[in-house]
Amino acid sequence: MTTRVIIVDDQAMVRAGFAALLAAQSDIDVVGDAPDGVQGVELSRRTHPDVVLMDVRMPEMDGLEAARQLLAPPRGVTHRPKVLMLTTFDVDDYVYEALRAGASGFLLKDAPPADLISAVRVVAAGEALLAPSVTRRLIADFARQRPAPRKDRASLRLNGLTPRETEVLELIARGLSNQEIAEALILAEQTVKTHIGRVLAKLELRDRAQAVIFAYESGLVAPGSGS
């Protein structure tokens, strides 16, 4: 199965380089590119890609607003691609907001080519991607910059989880992989996947990235409270 991708970035050389790299993969098809958020949204609505590589800072409309429009489309628009944010900085407040908006993760622009290819495949498969050079510390940093946890409504949503599902959510927020969660809780990895699916469904979250953000904002996990 081929993954359809569009690239939205204001630098022509970046678009061309990423397009050449991805198009060389037999399972990835680059169906277009755009220089800003406005044209990126229009292109996505027209071409229906599986994954949108979205730069954070662009003229006309930045990547954050473009991601919001793609992930919360107006009535009548049913297509919602996976959005992978691209950033030059390893700590970028826009990225935090993008994750809250529903982006599936982010990647540094200077990441090795193999990481970019892998990121597209991971996001297309429905998993969240938090750049290897960032992951746990960065999410904690983002959360530390936020206001106090919104424990009212979020806590009510947490009450809908079973004790085991709450444990799984906490370990997701601490940056553990499915395999690591399985080892920590002495469960089969497939059972962990089932629990994660139920957590996402009950909390109405798109993926692991949003689960991490929710865990911090609800107060389930405190910034800097563990690796």
Side-chain angles (χ1 to χ4, degrees), residues 41 44-45 48-52 54 63-85 93-106 119 122-131 135-136 138-140 142-178 180-182 185 187 189-223 225:
V41 171
S44 179
R45 299 261 165 83
H48 290 189
D50 300 301
V51 177
V52 176
M54 182 78 74
L64 175 57
E65 179 57 29
R68 285 181 179 141
Q69 292 194 18
L70 291 178
L71 298 169
R75 182 173 299 180
V77 177
T78 58
H79 178 253
R80 296 188 185 190
K82 301 292 194 309
V83 176
L84 177 61
M85 304 301 297
D93 198 48
Y94 275 140
V95 174
Y96 174 89
E97 297 298 337
L99 293 176
R100 290 189 61 198
S104 293
F106 62 93
V122 166
V123 169
E127 296 292 327
L129 179 81
L130 302 179
T135 52
R136 305 169 192 179
L138 182 55
I139 290 298
F142 282 153
R144 191 176 293 112
Q145 296 168 21
R146 300 293 97 192
R150 303 174 304 185
K151 294 186 179 180
D152 44 7
R153 184 180 174 189
S155 292
L156 289 176
R157 292 168 68 187
L158 274 177
N159 289 340
L161 300 182
T162 67
R164 178 63 84 190
E165 289 165 353
T166 302
E167 283 183 299
V168 170
L169 175 58
E170 181 178 351
L171 294 177
I172 289 173
R174 295 189 187 285
L176 273 66
S177 66
N178 287 359
E180 290 170 334
I181 294 173
L185 300 180
L187 297 171
E189 192 168 343
Q190 185 56 49
T191 302
V192 170
K193 291 180 181 178
T194 298
H195 283 310
I196 292 173
R198 289 174 179 165
V199 168
L200 297 181
K202 288 183 178 182
L203 298 179
E204 299 180 342
L205 303 173
R206 286 173 59 93
D207 55 30
R208 292 174 81 106
Q210 283 202 319
V212 171
I213 298 302
F214 178 90
Y216 278 109
E217 292 195 333
S218 67
L220 177 64
V221 177
S225 61

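For reference, positions follow the sequence shown, starting with 1.
- Residues Val168 and Leu185 are in side-chain contact: their nearest non-hydrogen atoms beyond the backbone lie under 4.5 Å apart.
- When side chains are defined from C-beta on, Val52 does not count as touching Leu84, because their heavy atoms never get closer than 4.5 Å.
- Between Ile181 and Leu187, every side-chain heavy-atom pair lies at or beyond the 4.5 Å cut-off.
- Between Phe214 and Leu220 there is no side-chain heavy-atom pair separated by less than 4.5 Å.
- Checking side-chain atoms of Ser218 against main-chain N and O of Ala215 turns up a donor-acceptor pair under 3.5 Å.
- Within the structure, every pair that satisfies the side chain to side chain donor-acceptor pair (under 3.5 Å) test and touches residues 192-203, not counting sequence neighbours, is listed here: Glu165-Lys202.
- A donor-acceptor pair is defined here as one N or O able to donate and one able to accept, closer than 3.5 Å; such a pair exists between the side chain of Thr166 and the backbone of Thr162.
- With sequence neighbours excluded, the residues satisfying salt bridge (charged side-chain N to carboxylate O under 4.0 Å, His left out) with Glu170 are Arg174.
- Take Arg164 and apply the salt bridge (charged side-chain N to carboxylate O under 4.0 Å, His left out) test, not counting sequence neighbours, and it matches Glu167.
- Residues Pro81 and Val51 form no side-chain contact, since every pair of their non-hydrogen atoms from C-beta on lies 4.5 Å or further apart.
- Under the 4.5 Å side-chain criterion, counting only non-hydrogen atoms from C-beta, Ser44 is in contact with His79.
- Contact annotation: the side chain of Lys82 never approaches that of Asp50 to less than 4.5 Å [non-hydrogen atoms, C-beta and beyond].
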